[in-house]
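A quick write-up on the structure given underneath.
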Number of protein chains: 2
Amino acid sequence: MDRPRKPTLDTVASAVGVSRATVSNAYNRPDQLSAALRERILETAASIGYAGPDPVARSLATRHSAAVGIMLGQPLCAAFSDPAVSLVLDGLASTVDGHDHCLVLMPGGTEGGPRPSTVARAQADVVVAYSLPDDAPALDVVRARGLPLVVIDQPVLPDTARVEVDDVGGARMAAAHLWELGHRRFGVLTFGTRAGFLSGREGAFRVTRDRLTGYRDVVGHAPVWECAGSNRSMGRSGARELLSLTPRPTALLCASDELALGALQAVRDLGLRVPADVSVMGFDDVPEAEHAEPPLTTVRQPLAEKGRRAGELALRLLDGGRPGEPTRLPVSLVERASTARLT
Amino acid sequence: MDRPRKPTLDTVASAVGVSRATVSNAYNRPDQLSAALRERILETAASIGYAGPDPVARSLATRHSAAVGIMLGQPLCAAFSDPAVSLVLDGLASTVDGHDHCLVLMPGGTEGGPRPSTVARAQADVVVAYSLPDDAPALDVVRARGLPLVVIDQPVLPDTARVEVDDVGGARMAAAHLWELGHRRFGVLTFGTRAGFLSGREGAFRVTRDRLTGYRDVVGHAPVWECAGSNRSMGRSGARELLSLTPRPTALLCASDELALGALQAVRDLGLRVPADVSVMGFDDVPEAEHAEPPLTTVRQPLAEKGRRAGELALRLLDGGRPGEPTRLPVSLVERASTARLT
DNA sequence: TTGTACGCGTTATCAG
DNA sequence: CTGATAACGCGTACAA
């Protein structure tokens, strides 16, 4: 059989003997026609196999698609496997839940952030950018398309809704804690877009630049290894680099828990122990931090809350609201067992 | 200022002095026009503030949207907070990654599965349904819209791509393990759409019906409490019901790890101990199971692999492939510390 | 390169 | 009230 063209509003309209507009009303404005006619239309539609107005055509006409877009700096799977990202998205999703919107996850390309072509094709009424590099081209596309934008963490853009945490303050707390424990030789493990030792304060992420600033405020100069991303295996190899330095650092300041969890492994790899030989400090306080071996001392940031706030901002923009001032959430130090006094 | 209409292909075309088709070609078929003209068009577009072809209009014309839809039986946030769901989605996402498609998450309504209106409006080229109830209306909508469909776990639909595991076999393993440990008084904790004791083999989920069958094959009759969903708090309260029966069960067969984790808590609530007083058996083997207190004995199913397979099927259907036979993945028993010989 | 016929609905505005 | 007419939303793709 040759595939019969899919029925459209017109198909139904002519089958019933009314105009297309009336069929449209039967679906969208029941009060605009008699119940009897509406019934007849719906029945005919069902018998023809008409599934209701095409969502794309409808979006084209109405100019909205009932979807919240999310731009990630990482592959799609990170949304479900990176604990910090999932926590933020969990919060975001819980806010969006009940508003009958879909969540459109855009995969991050290689350069941090979705490819411009991906963003150009994504169908959403508002976009939430999760921690993209400062120069992410994806952001320009969102701007050009005139879509409302909410930024989580970074980059800092003028007149843009944003939610962030006190990264400098958090980093200071982390460093101060180790300093007070007597540590004087530090290694810093941070994340960016490429791997290697860092000399200046470069780096594509405001978040890590701020954390670096906070660390340095307290400990002064220290070797910094930047990982190409934030996951355990990168943290593990980066920590190995830091721990091979002479003199060896007695404490590792990690810009994320994932990196710190990798660092824990690296210390073991070298036959050393945490915290007896090396103290390890994280950042984020993901659930895994508490169950790590040993439990990780870290800087807690309210990840789920960050997502919720971002979701609220997105919904507000959707309603035509203004971006408003950036929301800044507090951080706090969580002392567990991966840091100890220098003996 | 009164908002100027957003520029369109036509705006650019007349600004450059060419036809709309040519501008379209400049974006989609660079080889169809001279490099110089293309350059001029793109420049003009940029100066006008044209962001490129509207994605919705393009989708309307091309009939596809470069998106994979996912229908959940739960709220959106479950995608990121329920460990079993995230693992499956992680696998699914890792397969879709690199194909430049977005993931469209549709929120589940109250009756298990997204509301028909949600599905009717979602824009995707293929839809993956994750463990929806047999009668989920969302599935009819997908059918009516003629979208390719991949089902994970259930329901069983004719001529539909599906990936599942051996639920009956897994449940038998679980029950047999406890039986061999000497247990004879069992309580079964399962999930469905409403809470209460179950008498027959009813239940909206093939998965839980199969697991129930497997349990009963081994242990015969046993009281069954059905939770309204699968999470810890429901498991906790359901387990309390089972543990208040006289005589009290010595072993709890749980249809998911989340329920089992809740059951662990319930046992503690009653001042009893696992496994000394009550053995608890899970199903799924989520990462949390290993770190539970005590570590959970459970039936392992390859969750990430299930997602990956579903992703592959989705991509195949996207290419016009046939559904093929259902994929069935194996399960295995993982013995840990939440079950013990009856003393 | 371009003309032009679709793709499929929505939403005033208008007539009965 | 009920329902119809017609303009509009923005591109794509094929024939000329």
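Computed from heavy atoms alone, side chains included, the values below leave out hydrogens, waters and symmetry copies. Residue numbering restarts at 1 for every chain, and letters A, B, ... go by the order of the sequence lines.
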State which residues pass side chain to side chain contact (heavy atoms under 4.5 Å, CB included) with [X]; sequence neighbours excluded, sorted by chain then number.
| X | result |
| --- | --- |
| B:Ala26 | B:Leu33, B:Arg38, B:Ile41, B:Leu42 |
| B:Leu139 | B:Met71, B:Ala129, B:Leu132, B:Ala136, B:Leu149, B:Pro155, B:Leu157 |
| A:Ala15 | A:Thr44, A:Ile48 |
| B:Pro53 | B:Tyr27, B:Tyr50, B:Arg58 |

Under a 4.0 Å heavy-atom cut-off, which of residues 41-68 of chain B touch DNA chain C?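 Contacts with DNA chain C under 4.0 Å: B:Ala57, B:Leu60, B:Arg63.
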Can you pull the salt bridge (charged side-chain N to carboxylate O under 4.0 Å, His left out) pairs that have at least one residue in [range], sequence neighbours excluded?
| range | value |
| --- | --- |
| residues 309-318 of chain B | B:Glu305-B:Arg309 |
| residues 145-154 of chain B | B:Asp153-B:Lys306 |
| residues 18-35 of chain A | A:Asp10-A:Arg20 |

Quickly work out the B:Leu9 CG to C:dG3 P distance and round it to whole Å.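 From B:Leu9 CG to C:dG3 P: 14 Å.
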Is there a side-chain polar atom (N or O) of A:Asn28 under 4.0 Å from OP1 or OP2 of C:dG9?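 Checking A:Asn28 against C:dG9: no side-chain N or O falls below 4.0 Å of OP1 or OP2.
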Looking for any heavy atom pair under 4.0 Å, which part of the strands does B:Arg29 touch: base, sugar-phosphate only, or nothing?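 Sugar-phosphate, no base atom in range.
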Using five base pairs at each end, measure the axis-to-axis angle across the helix from C:dT1-D:dA16 to C:dG16-D:dC1 and round it to 10 degrees.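 Helix axis angle between the two ends: 40°.
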Taking B:Glu164 first and then B:Arg206, would you say they form a salt bridge - that is, a charged N and a carboxylate O separated by under 4.0 Å?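 Looking at B:Glu164 and B:Arg206, the cut-off is met.
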With sequence neighbours left out, what residues match A:Arg63 under side-chain hydrogen bond (donor to acceptor under 3.5 Å, both in side chains)?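 For A:Arg63, no residue satisfies side-chain hydrogen bond (donor to acceptor under 3.5 Å, both in side chains) once neighbours in sequence are set aside.
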Tell me, please, which residues at least two apart from B:Ser94 pass side-chain hydrogen bond (donor to acceptor under 3.5 Å, both in side chains).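 Testing B:Ser94 for side-chain hydrogen bond (donor to acceptor under 3.5 Å, both in side chains), a comparison that skips the adjacent residues, returns none.
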Where do N or O atoms of nucleotides 1-5 of chain D meet protein N or O atoms at under 3.5 Å, pair by pair?
{"unit_1": "D:dG3", "atom_1": "OP2", "unit_2": "A:Ser34", "atom_2": "N", "d": "2.9"}
{"unit_1": "D:dA4", "atom_1": "OP1", "unit_2": "A:Ser19", "atom_2": "N", "d": "3.4"}
{"unit_1": "D:dA4", "atom_1": "OP2", "unit_2": "A:Ser19", "atom_2": "N", "d": "3.2"}
{"unit_1": "D:dA4", "atom_1": "OP2", "unit_2": "A:Ser19", "atom_2": "OG", "d": "3.2"}
{"unit_1": "D:dA4", "atom_1": "OP2", "unit_2": "A:Thr22", "atom_2": "OG1", "d": "2.2"}

